[in-house]
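Working notes, beginning with the structure itself.
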Amino acid sequence: KAKQAGRAALRLPPMTSTSDLVKLYNLQAVKKLSQNFLLDNKLSSKIVSSSCRVKRSHVCEVGPGPGNITRSILEQGAQHLTVIEKDPRFLPALDILREASQGRLDINIGDVLTYNMEKLFPPELARPWEDPPPNIFLIGNLPFNIATPLIIRWLRDISLHQNAWVYGRVRMTLTFQLEVVQRMVAPPNHPQRCRLSVMCQNWCYVAHKFTIPGRAFVPKPDVDVGVAHFIPHQEPHIPLPFNLVEKVVRCIFSFRQKYCKRGVATLFPRAIQDDMVPKMFTVADVDPDMRSFQLTMPEISRLCHAYSAIVTQNPTIASYNSREQHIKAELNCDMDADGNEDEFRL
Ligand code: SAM
């Protein structure tokens, strides 16, 4: 009975129509800000239900815009939802949802790239890292221009068990350009295998849930969109500091199609390369003539550990960053189509 009463009381206002959006927010102007709205209720609902059961859970949604996914999260019974939106023009539309939400929706106008979620959820939801994930979800149809920098930032937070991950292995459902999701999930030997694959897969189980055609968005982007689900691993494949793993993986993949020894060489000043590179491969027990996209996680892990041992013995090597490697990384553009290489380095 209480359930029925709850349902009857939740009367969300009708979806924002495309013409309302054009009138309210001047879509031509926001296109530059990578604002592509999903106005199809079924697809919004599928993003929410595809990988998490939000009923009675606590959710944080990134970039709600006019609130179509927000509405689905509320309709699917989330106990509490906080949204983080950078553009204050969406406040009136989100306020209407808040009023209808029976106290379940909080709105934050802010930038998700600097937003700290350490105190966002009730402390009793926290779970030890090794336990099953807590009843907390992060969901977002992200703007393309921040999606990759954000996931890299969050992978670092996962590695340090900070930000939302002070609550345990919080799961995420996020959208990216389809091509970016394909790279994130690419296994060794796959044509899309790159450093983004290794970084994501090192700290998370990543799944490509489904694809949304570009035409489902207003305004229509030039590419299709992939919905990805992330569950942090109990233990990463490479249990070493984020910055060390990031550096070794960046160097290995700076020559993706060439022998991996070419990339590994860029970890060292020229004068000691002939000495250090064979040493690193011998210690790691990896064939230096493999191509970087062929390397498995255990092989990359052994290379990272070998590098870690070398810099422990020779700390000055740790600060070395080859110019060649930087130039290569910029040309390679293997992170995303928006060229967020610099952001990725953090
Ligand atoms: N969720 C809506 C939907 O699916 O229709 C809007 C998605 S739109 C692709 C991305 C949203 O993220 C926009 O509303 C944009 O203003 C917001 N946004 C962009 N950068 C942001 C940031 N750094 N922090 C929080 N929100 C941001």
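What you are looking at is a predicted structure, and each value in this text was computed from that prediction instead of being measured. Atoms within each ligand, like the ligands themselves, are counted from 1 in listed order.
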**Sidechain N-carboxylate O distance under 4.0 Å for R89, D87** = yes
**Asked** Hey, what do you get for NZ (K55) to CG (N135), rounding to the nearest 0.5 Å?
**Response** 12.5 Å
**Message:** Using a plain distance cutoff, I'd like to know if G63 has any nitrogen or oxygen under 3.5 Å from a nitrogen or oxygen of ligand 1.
**Reply:** yes
**Prompt:** For Y115 and L120, which heavy atoms make the closest approach, and how far apart are they?
**Reply:** OH-CD1, 3.7 Å
**Asked** For I231, what are the other residues in its hydrophobic cluster, where any two members join if their side-chain heavy atoms are less than 4.5 angstrom apart?
**Response** Y205
**Prompt:** What closest approach, in Å, do P187 and R193 show between heavy atoms, and which atom pair accounts for it?
**Reply:** O-CD, 3.4 Å
**Request:** Assign the ring pair H161 / W129 to parallel, tilted or perpendicular, where the plane angle (0 to 90°) is split at 30° and 60°.
**Result:** parallel
**Asked** Among all residues two or more places apart in sequence or in another chain, which pass the side chain to side chain donor-acceptor pair (under 3.5 Å) test with S308?
**Response** none
**Complete:** Note: ligand 1 atoms sitting under 4.0 Å from heavy atoms of I84 are 25 (C), 26 (N)
**Request:** Closest by any non-hydrogen atom to atom 15 (C) of ligand 1: pick that one out of R89, E61, E85, K86.
**Result:** E85
**Asked** Counting heavy atoms only, which part of P64 comes closer than 4.0 Å to ligand 1: side chain, backbone, both or neither?
**Response** backbone
**NZ/NE/NH1/NH2 to OD/OE distance under 4.0 Å, E130 and R169** = no
**Prompt:** At a non-hydrogen distance cut-off of under 4.0 Å, which region of T70 contacts ligand 1 (side chain, backbone, both, or neither)?
**Reply:** neither
**ligand 1 contacted by G110 (non-hydrogen, < 4.0 Å)** = yes
**Asked** Heavy atom under 4.0 Å from ligand 1: found in F90's side chain, backbone, both, or neither?
**Response** side chain
**Asked** Do any heavy atoms of V62 fall under 4.0 Å from ligand 1?
**Response** no
**Request:** Determine whether the side chain, the backbone, both or neither of I69 has a heavy atom under 4.0 Å from any heavy atom of ligand 1.
**Result:** side chain
**Request:** Please could you name the atoms of ligand 1 that F37 approaches to less than 4.0 Å, counting only its heavy atoms?
**Result:** 5 (O), 6 (C)
**Fill in**
ligand 1 to P143, heavy atom cutoff 4.0 Å, flagged ligand atoms 10 (C), 12 (O), 18 (N), 19 (C), 20 (N)
**Prompt:** Do any nitrogen or oxygen atoms of D87 lie less than 3.5 angstrom from nitrogen or oxygen atoms of ligand 1?
**Reply:** no
**Prompt:** Would you say V112 and ligand 1 have an N/O pair spaced under 3.5 Å apart?
**Reply:** yes
**Prompt:** Can you name the nearest heavy-atom pair linking S254 to T266, along with the distance?
**Reply:** OG-OG1, 4.1 Å
